[in-house]
Amino acid sequence: MLYQDFYKKSIKYPEQFWKEQAQQLDWYKQPNTILSKDQHDYFQWFEDGQLNLSYLCIDKHIKDGYGNQNAIIYDSPVTNTKQHITYNQLHKEVSKLAGGLLSLGLKKGDTCIIYMPMIPQALYAMLACVRIGVIHSVVFGGFAPHELAIRIDDCKPKAVITASNGIEIQRIIPYKPYVDDAIAQAKNKPEHVIVFDRDQEVDIPKKSYDVDYKTLVETSLAVDAVPLPATHPSYILYTSGTTGKPKGIIRDTGGYATALKFSMKNVYGVNEDDVYWAASDVGWVVGHSFIVYGPLLNRNTTILFEGKPIKTPDASTFWRVISEHNVKVMFTAPTAIRAIKKEDPEGQMIKNYDLSCLKYQFLAGERCDVATLTWTQEKLQVPVIDHWWQTESGWPMLANMVGVQLQEVRPGSASFPVSGYDIQILNEEGHEVEAGVEGYVAAKLPLPPGTLMNLWGNTERFKSGYLNKFPGYYFSGDGGYKDEDGYIFITGRVDDIINVAGHRLSTAEMEEIVASHKSVAECAVFGVHCDIKGQKPLGLVVLKSDNTNDNDTIQNEIIKDVRHEIGAVASFKDVLVVNRLPKTRSGKILRKLLRNIADEQQYNIPSTIDDVTIIDEIKTIYQTHHIGIH
Ligand code: COA
Ligand code: AMP
């Protein structure tokens, strides 16, 4: 079928379209009500259906006779390990861990935080939770204990599942001590911390709440998956908002399963049996949807990669994994490609591997610059598909739907709306703008299945953040435009969120930490261009008049504070001391102007600016410190 017909059907007859897609799943109880409203007057899908994600990802395939197929290939260059895990083995691990969780008193509706490196036990933990209706919340390992504590206090988990340690390029990440530190900081105390010991001679501090993961699994009975309502939350995933407090995105069960099964076939073009690799982390939405649930629902073999695109051991790692494991479709962030390109500009290392198995290379997580797209196309000789989505959507919103119809790739564009998403570019008044005109990227309600249900414990923020700006629409927070042919170009966030190496971070959160330094009178934190990471945060600080410390000391302390509070993932390494900041006459700091000057973007000097002479002052400071594009 042609994309246009297929897409139009999803917009014109959403209930019929998604009912058919839902029939691809093995429900305990097929839904009769396809689309309805919840108690908060927001849309929900498949209200009266019953199913279980863990059953669909594991038991269903065993029942169909595929128990010996590889479910997961764990490839870990940092530990020199390769492990093939069949669906039968996955069943054993997950069903026994689920039994262990029940024996500890966890029950349907409880929450459980998972703070783990990229090891199979992280996947087992997620699948064990959803097997018994426990709502998991995976926290990315690059976040510091303070961030973990914020999440513990927000979702109040009964247990935390963690590991002794993770391994970064040059250092060991002490996960268990971080968890202990977070629990000490949190007001809410989880009852149990289940610790997987990686046997890497790392000291594991012992606490009274500790439970040994391996003993728990060995001594527990396997349990079956329980039927859950389609609207039961499968997980909470925290993501950066425009305030210091992260937002807990809630995902349902039935809509999510339907959307993922649909996207594996129609967006990514993979069939059951194929090997699929998303080189992300289980701490991000890409990991949830396309390392764990999507490929396993679709009976693919998913690659679990514990390493980096470079330095583990070199820039050929990705090509080795593709060729060695017969990967058909791969998904990574443009940052990873830029890092590889920097180490191996001519792509010489690619020539050492037979990549004939690779059919499509997908990119997402941040804006894909044309140079990166072109390089990847040239070197891999396969269609390179930029696609756009968010933690909130849970699965792609804009893409070249290769499983339906591969269309011409237009560099800089994430192509067309995916089935179910009526994407429109709106002006401030909420009217659709003409082709070529930039505006706010929004999707007309209802969103298709699988997107966010609400924010954990904060319906008010859910409505004010996404629904109130343009009544009848979901507002994505991104800006963009459509060209004459309907290709959509995302130009970037219109709020204080930045994308650093494909990681979504809040500059407002960083700014709160910088502002609390004892020598800082006022400050601004915003994102500036970075050749490898796309963007990086920059802090400008004005010091208090009675400050007596030297600038170097203050800068180092501020950098340390942000790393300590948010974590290494913030990549906050640049702070400049300035005499003053550009402001409006009413005293508002002009952050956008500061960013645009750094990135040499066209900018209008706001008529409300207090003193226009500051612009040259800022330009000189940037030039002296090589900030932005110069
Ligand atoms: N646990 C603990 N620390 C972590 C971590 C984790 N899971 N992931 C990253 N960090 C740390 C890194 O060690 C680094 O610390 P440092 O400041 O001490 O060096 C810091 O967080 C920043 O990490 P990162 O932004 O990943 O930078 P890097 O220099 O280590 O690596 C790249 C650069 C380009 C190789 C890397 O960013 C990359 O692979 N990017 C692709 C991103 C991606 O796939 N994103 C998924 C979104 S779809
Ligand atoms: P996250 O919620 O971490 O997945 O980040 C989502 C944000 O990343 C989006 O709102 C965009 O700003 C950005 N993003 C993701 N994919 C793309 C893409 N293909 N092109 C441009 N921006 C993207």
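Order of listing sets the numbers, starting from 1, for every ligand and every atom in it.
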Counting heavy atoms only, which part of [X] comes closer than 4.0 Å to ligand 1: side chain, backbone, both or neither?
{"X": "Tyr178", "result": "neither"}
{"X": "Lys311", "result": "neither"}
{"X": "Lys573", "result": "side chain"}
{"X": "Arg338", "result": "neither"}
{"X": "Ser571", "result": "side chain"}
{"X": "Ala279", "result": "backbone"}
{"X": "Arg171", "result": "side chain"}

Under a 4.0 Å heavy-atom limit, does Gln390 contact ligand 2 with its side chain, its backbone, both, or neither?
both
Region of Ile490 engaging ligand 2 - heavy atom pairs below 4.0 Å:
side chain
With a 4.0 Å cut-off, would you call [X] and [Y] a salt bridge?
{"X": "Glu392", "Y": "Arg504", "answer": "yes"}
{"X": "Arg338", "Y": "Glu366", "answer": "yes"}
{"X": "Glu306", "Y": "Lys82", "answer": "no"}
{"X": "Lys176", "Y": "Asp197", "answer": "no"}
{"X": "Arg591", "Y": "Glu511", "answer": "yes"}
{"X": "Arg595", "Y": "Asp599", "answer": "no"}
{"X": "Lys342", "Y": "Asp531", "answer": "no"}

So is [X] polar-close to ligand 1, meaning N/O to N/O under 3.5 Å?
{"X": "Arg563", "answer": "yes"}
{"X": "Thr335", "answer": "no"}
{"X": "Trp284", "answer": "no"}

Restricting to salt bridge (Lys or Arg N to Asp or Glu O under 4.0 Å), what partner residues turn up for Lys308, sequence neighbours left out?
Glu168
Taking the six-membered ring for Trp and the full ring for Phe, Tyr or His, determine whether the centres of [X] and [Y] are under 6.0 Å apart.
{"X": "Tyr256", "Y": "Trp395", "answer": "no"}
{"X": "Phe362", "Y": "Phe331", "answer": "no"}
{"X": "Tyr268", "Y": "His387", "answer": "yes"}
{"X": "Tyr466", "Y": "Tyr474", "answer": "yes"}

Best match, [options]: closest heavy atom to [atom]:
{"atom": "atom 4 (C) of ligand 1", "options": "Glu306, Glu168, Glu343, Met116", "answer": "Glu168"}
{"atom": "atom 31 (O) of ligand 1", "options": "Gln170, Lys308, Met118", "answer": "Lys308"}
{"atom": "atom 42 (C) of ligand 1", "options": "Ala501, Ala336, Gly502", "answer": "Ala501"}

How far is [atom] from its nearest protein heavy atom, and which residue and atom name does that atom have?
{"atom": "atom 20 (N) of ligand 2", "value": "Glu366 O, 3.4 Å"}
{"atom": "atom 9 (C) of ligand 2", "value": "Asp478 OD2, 3.2 Å"}
{"atom": "atom 7 (C) of ligand 2", "value": "Asn499 ND2, 3.8 Å"}
{"atom": "atom 1 (P) of ligand 2", "value": "Thr391 OG1, 3.4 Å"}
{"atom": "atom 3 (O) of ligand 2", "value": "Arg504 CB, 3.3 Å"}
{"atom": "atom 6 (C) of ligand 2", "value": "Trp389 O, 3.6 Å"}

Partners passing side chain to side chain donor-acceptor pair (under 3.5 Å) against Glu408 (at least two apart in sequence or in another chain):
Arg410
For ligand 2, find out whether one of its N or O atoms is nearer than 3.5 Å to an N or O atom of Glu392.
no
Which ligand 1 atoms does Gly141 reach within 4.0 Å, using its non-hydrogen atoms?
1 (N), 2 (C), 6 (C)
Using 30° and 60° as the class limits, which term best fits the ring planes of His288 and His136: parallel, tilted or perpendicular?
tilted
Under 4.0 Å from atom 36 (C) of ligand 1, is there any protein heavy atom?
no
Heavy atoms of the protein only: does one fall short of 4.0 Å from atom 46 (C) of ligand 1?
yes
Numbered atoms and elements of ligand 2 in range of Gly365, under 4.0 angstrom, heavy atoms
8 (O), 13 (C), 14 (N), 15 (C), 16 (N), 17 (C)
What are the two closest heavy atoms between Tyr3 and Gln407, and how far apart are they?
CD2-NE2, 3.2 Å
